Amino acid sequence: MDSISVRKMTFEFPEDMELVFLENDPDLSIYFLGSWMSLPYLEPYLIKNVRRAADEITDAALAERIKLFCAQEGVHFREHAKANDVIRAAHPQFVVMKELEEELRAEYERFTETKSLRWNLAYAEAFESFTTAGAITQFEMRIFDNMVAPLGDLFAWHVMEELEHRTVAYEALEAVEPSYWYRVLVGTRCLMHYLRWSFKLAGAMAKAAPEIMKQPIGKAEKKRRNKLRRTLLLRTFPRTLRVFSPRYHPRDLALPDSFYEVQSKYDEIVAGS
């Protein structure tokens, strides 16, 4: 079983930080930034509902992993909230994002209040499985090698810790009320909700600041960028489909060597701080 470490990171986000942090790829950079705008609302929602599951769990080891999951996610959303605040302050046109963010916050609060714990855990599991599939591909391709600080550092640290706690939401759902078909059918609807909001937020950001999207890119760079996108999709899509197998369990997934490299890097940073 992989360990879960709570690293209390503190990133510095200067006002003039580069938003096209995936080099020569404004579209994918904006997609990541837009989806990250949801994290100060999504991750507290995940914490609240996975923590509720702990009250119904008798497995002490899983209960401890839930505590570590919640602690990691707490650091995640606070660091992303800091980055989001700097981005909005440095780019006043992004003020339009706040209305969408408040709408999303209200939706997650409504889910917690009106949906069953089982349903909310299915949402958490769907999100965690999707990010796990994407993170493994991203590490496999070493996509973070083409990212610039500080947002590139935020990305690498966050997806590394997502892989550390990849089993927790799945095991919490299984412990509360296991059902393969419920996990798949409800989880699919929940994943569509998350993806719809990710594209909605990214689209609003791109529309608000079209100058970011007009970065000139040479033919060679455009060709390299398009190849990277195709490879990301072609490798992530089948991994996402495997989540729907009745034999799926996130603990069985092999992690690339680059995951352990980044894990060691941040362990050293924390140890030296």
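Remember, it's a predicted structure, so these values are computed and weren't measured experimentally.
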Got more than 12 heavy atoms from elsewhere within 6.0 Å of [atom1], [X]?
X	atom1	value
Glu211	CD	yes
Arg110	CZ	yes
Phe237	CZ	no
Asp257	CG	no
Lys67	NZ	no
Arg142	CZ	yes
Lys98	NZ	yes

Decide yes or no for [X] and [Y]: does some side-chain heavy atom of the first lie under 4.5 Å from some side-chain heavy atom of the second?
X	Y	value
Leu173	Arg118	yes
Lys227	Lys222	no
Arg239	Phe130	no
Thr188	Phe244	yes
Pro40	Asn84	yes
Tyr182	Tyr180	no
Tyr123	Val186	no
Glu15	His91	no

Between [X] and [Y], is there shared hydrophobic-cluster membership here, with clusters defined by ILVMFWY side-chain heavy atoms closer than 4.5 Å?
X	Y	result
Val184	Val176	no
Met205	Phe199	yes
Leu241	Tyr194	no
Ile47	Ile4	no
Leu68	Val75	yes

Return the minimal non-hydrogen interatomic distance between [X] and [Y], and the atom names on each side.
X	Y	result
Pro250	Arg166	O-NE, 2.9 Å
Ile57	Ala175	CG1-CB, 3.9 Å
Asp25	Arg225	OD2-CG, 3.1 Å
Ala202	Ile30	O-CG2, 3.5 Å
Leu121	Ala53	CD1-CB, 3.8 Å
Val96	Ala208	CG2-CB, 3.9 Å

Distance-only polar pair, side chains of [X] and [Y], donor-acceptor under 3.5 Å:
X	Y	answer
His158	Glu162	yes
Tyr170	Glu128	no
Glu125	Ser129	yes

Could you give me the CA-CA distance, side-chain angles and deciding distance for Asn120 and Tyr45, then say whether side chain to side chain contact (heavy atoms under 4.5 Å, CB included) is met?
CA-CA 9 Å; Asn120 286 297; Tyr45 162 77; 2.5 Å; yes
Ion pair check, [X] and [Y], cut-off under 4.0 Å:
X	Y	answer
Arg105	Glu102	yes
Glu221	Arg224	yes
Glu140	Arg235	yes
Glu164	Arg65	no
Arg229	Asp27	yes
Asp85	Lys82	no

Side chain to side chain contact (heavy atoms under 4.5 Å, CB included) assessment of Met9 paired with Leu154
CA-CA 9 Å; Met9 304 298 298; Leu154 178 69; over 6 Å; no
After noting the C-alpha distance and the side-chain angles of Met37 and Glu101, does the key distance pass the side chain to side chain contact (heavy atoms under 4.5 Å, CB included) rule?
CA-CA 7 Å; Met37 285 285 170; Glu101 292 174 55; 3.6 Å; yes
Taking the six-membered ring for Trp, are [X] and [Y] ring centroids under 6.0 Å apart?
X	Y	answer
Trp119	Phe111	yes
Tyr108	His193	yes
Phe77	His80	no

For the residue pair Trp157 and His76, does the interplanar ring angle fall in the parallel (under 30°), tilted (30 to 60°) or perpendicular (over 60°) class?
perpendicular
Should the ring pair Phe155 and Trp36 be called parallel, tilted or perpendicular, given that the plane angle runs from 0 to 90° and is split at 30 and 60?
tilted
List the steps and the verdict of side chain to side chain contact (heavy atoms under 4.5 Å, CB included) for Leu39 and Leu42.
CA-CA 5 Å; Leu39 297 181; Leu42 167 59; 4.1 Å; yes
Atom pair [atom1] ([X]) and [atom2] ([Y]), whose distance is rounded to the nearest 0.5 Å:
X	Y	atom1	atom2	result
Leu163	Leu253	CG	CG	8.5 Å
His165	Leu46	NE2	CG	8.0 Å
Gln138	Met160	CD	CE	13.5 Å
Ser35	Leu201	OG	CG	8.5 Å
Ser198	Leu33	OG	CG	12.0 Å
Phe127	Glu43	CZ	CD	6.0 Å

Any side-chain to backbone donor/acceptor pair from [X] onto [Y]? Under 3.5 Å, distance only.
X	Y	value
Thr236	Leu233	no
Arg52	Asn49	no
Glu79	Phe11	yes
Ser5	Arg7	no
Ser29	Leu22	yes
Asp252	Tyr248	no

